[in-house]
Amino acid sequence: MRALVTGATGYIGGLLVPQLLEAGWQVRVLTRDAARLDDAWRGRVEVVEGDAASTDDLDRALAAEGAEPLDVAYYLVHSMDGDGDFADRDRQLATDFGAAAARGGVRRIVYLSGLHPDGELSAHLASRVEVGRILLDSGVPTAVLQAATVIGDGSVSFAMLRHLTTRLPVMVAPKWLRNRIQPIAVEDVLHYLLAAAGLPPDVSRTFDIGGPDVLTYEEMMQVFAEETDQRRRVIVTVPVLTPRLASHWVGLVTPVDAGVAKPLVGSLVHEVVCHEDDLVDLVGPPPSGRTPYREAVRAAMMGVAPDTALRRLGEVATAVTAAAVTGSLGTDPGSRWYRALDKPAWQPPRIAFPLVWSALYADLAAVSTATLVDLDQRGAARPGPASAHGTTPAAGAMGYERALWLNLVLNATWSLSCFRARRPALAAVHSAVLTVSAADLARRAGRVEARRGWQLAPYAVWCGFATALSVSQARRNR
């Protein structure tokens with residue numbers, strides 16, 4: 001039996017490949033970068049490097065081996081971003097894939113889609129449905145498996161639920177958190193994907209797949225809290241949070257990017273419950289029966305490191321606030337000495353400083369918290385090997401912490417150099433060292449995630465401006 005898996009570097013595809021190998025399948029994968037495949041099975045599969053957007057690459061991937069065509073081609077490709085052309089992109093990808101599968105004589109296509117109700121759908125869910133329809137119309141027998149929230153460590157939808165629950169003991173949430181959902185354990189999804197390859201040739205249709213429990217998203221969060229020994233969450237629902245606003249909120253609170261959160265949040269607007277159970281009748285249930293939601297949560301969280309977001313937020317916010325208050329208490333722009341200084345004409349008005357510094361302190365606290373949490377998670381997942389920069393994630397977290405505490409000390413004590421010591425030259429040197437420290441923080445944050453470096457750049461730029469201002473004052477008042 002021969003199978004092609006697309007999306008093998010993704011969550012579901014990366015789990016499906018070893019399941020196929022264990023079941024005795026010969027597996028071929030189509031990927032743009034072979035280096036991203038899992039080392040545990042990369043040497044056991046045939047790798048076709050190419051792009052699903054290329055007709056030539058699709059023909060190579062879906063071609064028959066000798067006289068024998070592929071028994072099944074798994075289509076695990078879909079857009080999870082905020083780009084406006086995602087529907088056109090997915091439509092074209094599915095059309096090309098179906099045509100190439102037909103040319104290659106592929107015996108069956110299996111596609112994992114989204115569970116949905118009848119009627120008007122969110123843009124991303126409607127696109128998933130359209131892709132399934134295109135594959136069904138390709139002329140190749142196709143099984144479109146439609147699932148709601150997949151529960152497993154690595155599932156983006158589960159990551160959103162997990163971090164929202166853990167990081168928000170009290171939350172104001174959209175009213176559609178009370179819509180019904182039928183979640184499914186990732187182990188059950190893999191069972192159905194593998195079994196669907198053996199469906200009779202005359203079966204070409206959609207199938208709803210789900211676990212045994214139907215819950216609201218709010219109930220899913222409360223059960224998650226119980227299973228992870230957290231207090232019951234206080235959730236107040238309001239009708240004013242649109243999916244767009246809610247996705248930005250999710251992007252702020254969780255590690256899930258706002259562009260990815262948008263389609264996830266959009267699907268929650270609908271009730272997603274199975275309308276039929278026909279696939280179970282055709283291929284049978286998972287070996288141990290359909291996994292209850294509680295068991296799926298326990299399995300997903302087994303061995304997962306605790307989320308350090310709340311602890312890190314408390315530490316960083318306290319330290320940044322202490323630095324801000326200390327610096328403010330030491331600052332006295334109304335003193336006779338400071339008013340008598342000769343200042344450059346380009347010095348901003350006094351009101352600008354507290355406004356700018358308040359925004360920069362908030363930025364510093366938010367970016368540093370997110371950076372430390374990411375480093376904590378990477379350290380828990382990969383405690384040993386060093387990164388490309390020569391440090392382990394745990395050492396990276398310690399290094400960032402030390403750099404942050406040094407920066408805050410420099411920040412808090414600058415007013416002593418200027419307003420207490422009344423030495424503009426010393427204040428200029430102090431400000432220059434603070435600028436170097438701020439730039440170093442931006443560099444360290446950028447190593448963890450590029451956009452965080454840019455987010456801290458305004459802090460370093462403002463410190464540089466303050467240094468230039470201090471140097472000018474020192475020269476004017478020698």
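This one's a predicted model, so the numbers in the text were calculated from it and none came from an experiment. Positions are given from 1 along the sequence. Atoms considered below: every heavy atom in the structure, side chains included; atoms not considered: hydrogens, waters and symmetry mates.
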(message) The test is side-chain contact (heavy atoms from CB on, under 4.5 Å); show your working for F158 and F224 and say whether it passes.
(response) CA-CA 10 Å; F158 180 66; F224 179 89; 3.7 Å; yes
(request) Quick one: do V48 and D57 satisfy side-chain contact (heavy atoms from CB on, under 4.5 Å)? Show the steps, please. (result) CA-CA 8 Å; V48 177; D57 291 343; 5.8 Å; no
(request) Step by step, work out the salt bridge (charged side-chain N to carboxylate O under 4.0 Å, His left out) result for R452 and E449. (result) CA-CA 6 Å; R452 300 227 179 96; E449 189 172 331; 3.3 Å; yes
(message) Is there a side-chain contact (heavy atoms from CB on, under 4.5 Å) between L364 and N407? Walk through the geometry before answering.
(response) CA-CA 11 Å; L364 177 61; N407 180 269; 4.2 Å; yes
(request) I would like to know whether L375 and V448 meet side-chain contact (heavy atoms from CB on, under 4.5 Å); could you show each step before the answer? (result) CA-CA 7 Å; L375 287 168; V448 178; 3.7 Å; yes
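With no hydrogens or angles considered, no side-chain donor-acceptor pair links T216 and E218 at under 3.5 Å. Looking at Y400 and S368, their side chains do bring a donor and an acceptor atom within 3.5 Å of each other. Using a 3.5 Å distance cut-off with no hydrogens or angles, the side chains of D188 and T291 do pair a donor with an acceptor. Residues D88 and Q92 have side chains that never bring a donor and an acceptor to within less than 3.5 angstrom of each other.
Residues P69 and G105 come closest through the heavy atom pair CB-O, 3.1 Å. Counting all heavy atoms, side chain and backbone alike, D90 lies closest to Y75 at O-OH, 4.5 Å. Residue L310 comes nearest to R167 through the heavy atom pair CD2-O, 3.5 Å, listed as atom of the first residue, atom of the second, then distance. Scanning both residues, V140 and G98, for their nearest heavy atoms gives CG2-O, 4.4 Å. Shortest non-hydrogen contact noted between V47 and A34 is CG1-CB, 3.8 Å. Closest approach of Y111 and G132 over heavy atoms only: CE2-N, 3.7 Å.
Note: H124 and F86 have parallel aromatic rings, judged against thresholds of 30 and 60 degrees for the angle between ring planes.
Rounding to the nearest 0.5 angstrom, the gap separating the CD atom in Q146 from the CG atom in D208 is 5.0 Å. Note: W462 CH2 to L360 CG = 7.5 Å, rounded to the nearest 0.5 Å. To the nearest 0.5 Å, atoms CE (M220) and CD (Q182) are separated by 11.0 Å. Once rounded to the nearest 0.5 Å, the distance linking OH of Y361 with OH of Y459 reads 6.5 Å. The CZ atom of R232 sits 7.0 Å away from the CD atom of E226 when rounded to the nearest 0.5 Å. A distance of 10.0 Å separates CG in L199 from OG in S204, rounded to the nearest 0.5 Å.
The existence of a salt bridge linking R444 and E401 is excluded, since no basic side-chain nitrogen approaches an acidic carboxylate oxygen closer than 4.0 Å. At a threshold of 4.0 Å, the pair E187-R290 does not count as salt-bridged, since none of the basic side-chain nitrogens sits closer than that to a carboxylate oxygen. Between D59 and R103 there is a salt bridge, since at least one side-chain N of the basic residue sits less than 4.0 Å from a carboxylate O of the acidic one. Classification of E315 and R312 as a salt-bridged pair holds, one side-chain N sitting under 4.0 Å from a carboxylate O. Using a 4.0 Å cut-off between a side-chain N of Lys or Arg and a carboxylate O of Asp or Glu, E49 and R32 do not qualify as a salt bridge.
Residues V144 and S113 are in side-chain contact: their nearest non-hydrogen atoms beyond the backbone lie under 4.5 Å apart. Side-chain contact between V170 and R233 is absent, with no heavy atoms from C-beta onward closer than 4.5 Å. No side-chain heavy atom of D51 sits under 4.5 Å from any side-chain heavy atom of L30. Proximity of L70 to L62: side-chain heavy atoms (C-beta onward) are separated by under 4.5 Å at one or more points. For the pair V316 and L404, the minimum side-chain heavy-atom distance is below 4.5 Å. A 4.5 Å side-chain heavy-atom check between V150 and I184 finds at least one atom pair inside the cut-off. Under the 4.5 Å side-chain criterion, counting only non-hydrogen atoms from C-beta, Y293 is in contact with V297. In this structure the side chain of R205 reaches within 4.5 angstrom of the side chain of V203, judged on heavy atoms.
Between the side chain of D71 and the backbone N or O of A3, no donor-acceptor pair lies under 3.5 Å. Between the T308 side chain and the R311 main chain, no donor and acceptor come within less than 3.5 Å of each other. In terms of modelled atom types and a separation under 3.5 Å, the side chain of S127 and the main chain of A123 share no donor-acceptor contact. Without hydrogens or angle criteria, R42 side chain to A35 main chain gives a donor-acceptor distance under 3.5 Å. A donor-acceptor contact shorter than 3.5 Å links the side chain of H270 to the backbone of S122. Between the side chain of S437 and the main chain of V433, no donor-acceptor pair closer than 3.5 Å is present. Using modelled atom types, no side-chain atom of Y192 and backbone atom of P286 make a donor-acceptor pair closer than 3.5 Å. Side-chain atoms of S155 do not come within 3.5 Å of backbone N or O of I151 as any donor-acceptor pair. Put simply, the side chain of H78 never gets that close to the backbone of R128: no donor and acceptor are under 3.5 Å apart.
The environment of CD in E276 is crowded: more than 12 heavy-atom neighbours from other residues, nucleotides or ligands sit within 6.0 Å. The local environment of CZ in R298 is crowded, with over 12 non-hydrogen atoms from other residues, nucleotides or ligands closer than 6.0 Å. Other residues, nucleotides and ligands contribute more than 12 heavy atoms inside 6.0 Å of the CH2 atom of W405.
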